[in-house]
Engineer: 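Quick one: structure below, then a few questions.
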Amino acid sequence: VQLQASGGGLVQAGGSLRLSCAGSGRSLYVMAWFRQAPGKEREFVAAINWSGSSTSYAESVKGRFTISRDNAENTVYLQMNSLKPEDTAVYYCAAGPVSWLPSFEAEYNYWGQGTQVTVSS
């Protein structure tokens, strides 16, 4: 499985961005987004099961971010609204052959290269 994240950029606080993660290979994996801000550890953002029927979010992004997927296109999305400066980070997509929605990095076998999101105040 290979993952390619895109869609990052510079946006003002309150704005929106949509990240995409295109995958090759099997689409029956749980997909997730993590992020890493400068000087901080990578943290869980959101996850979605293979059918798209179940999602999980970090408390810090609930109500602002939405994860979705299009299995026909082998792509997972992260719609980010009401962005805040503290959302600034490199965002990574990940895939794991699991049947739940883990928030731990170790549960995900495959990782994309990351895309930078910068939110200015």
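We number each residue from 1, following the sequence as shown. Just so it is clear, the model here is predicted, and its values are computed rather than measured.
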Engineer: Under a 4.5 Å side-chain heavy-atom rule over Ile, Leu, Val, Met, Phe, Trp and Tyr, are I48 and L101 clustered together?
Structural biologist: no

Engineer: Can you tell if the side chain of C21 reaches within under 4.5 Å of the side chain of Q4, non-hydrogen atoms only?
Structural biologist: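 Answer no - side chains too far apart.
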
Engineer: Please walk me through it: do Q116 and T118 pass side-chain hydrogen bond (donor to acceptor under 3.5 Å, both in side chains)?
Structural biologist: CA-CA 6 Å; Q116 175 71 48; T118 303; 3.3 Å; yes

Engineer: Taking the side chain as C-beta and beyond, is there a heavy-atom pair between R35 and E43 under 4.5 Å?
Structural biologist: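 Yes, side chains in contact.
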
Engineer: Just grab all the ring-ring contact (aromatic ring centres under 6.0 Å, His included) pairs involving residues 86-121, residues at least two apart or on different chains.
Structural biologist: Y29-Y110, F34-Y108, F34-W111

Engineer: Find out whether V117 and T88 are in side-chain contact, i.e. whether some heavy atom of one side chain is under 4.5 Å from a heavy atom of the other.
Structural biologist: no

Engineer: Consider only side-chain heavy atoms of I, L, V, M, F, W and Y, link residues closer than 4.5 Å, and tell whether V30 and V76 are in one cluster.
Structural biologist: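 Different clusters.
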
Engineer: What about L78 and V11, same hydrophobic cluster or not, with Ile/Leu/Val/Met/Phe/Trp/Tyr joined at side-chain heavy-atom distances under 4.5 Å?
Structural biologist: yes

Engineer: Determine whether more than 12 heavy atoms belonging to other residues, nucleotides or ligands lie under 6.0 Å from atom CD of Q79.
Structural biologist: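 More than 12 heavy atoms, drawn from other residues, nucleotides or ligands, come within 6.0 Å of this atom.
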
Engineer: Would you find a donor on one side and an acceptor on the other, under 3.5 Å apart, between the side chain of N49 and the backbone of S54?
Structural biologist: yes

Engineer: With distance as the sole test, does N71 use its side chain to make a donor-acceptor pair with the main-chain N or O of W50 at under 3.5 Å?
Structural biologist: yes

Engineer: Is there a side-chain contact between M80 and T66 in this structure, where contact means two heavy atoms from C-beta onward sitting under 4.5 Å apart?
Structural biologist: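 M80 does not reach T66 side chain to side chain.
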
Engineer: Could you name each residue pair satisfying ring-ring contact (aromatic ring centres under 6.0 Å, His included) that touches residues 53-89, not counting sequence neighbours?
Structural biologist: none

Engineer: Heavy atoms only: give me the nearest T75-S20 pair and the separation to one decimal.
Structural biologist: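 So the two residues come closest at CG2-CB, 4.3 Å.
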
Engineer: Are V1 and W33 connected in the hydrophobic side-chain network, where two residues link if heavy atoms are under 4.5 Å apart?
Structural biologist: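 Per the 4.5 Å side-chain linkage, V1 and W33 are co-clustered.
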
Engineer: Are L3 and F44 joined in one hydrophobic group, where the rule is that I, L, V, M, F, W and Y side chains link up if heavy atoms are under 4.5 Å apart?
Structural biologist: no

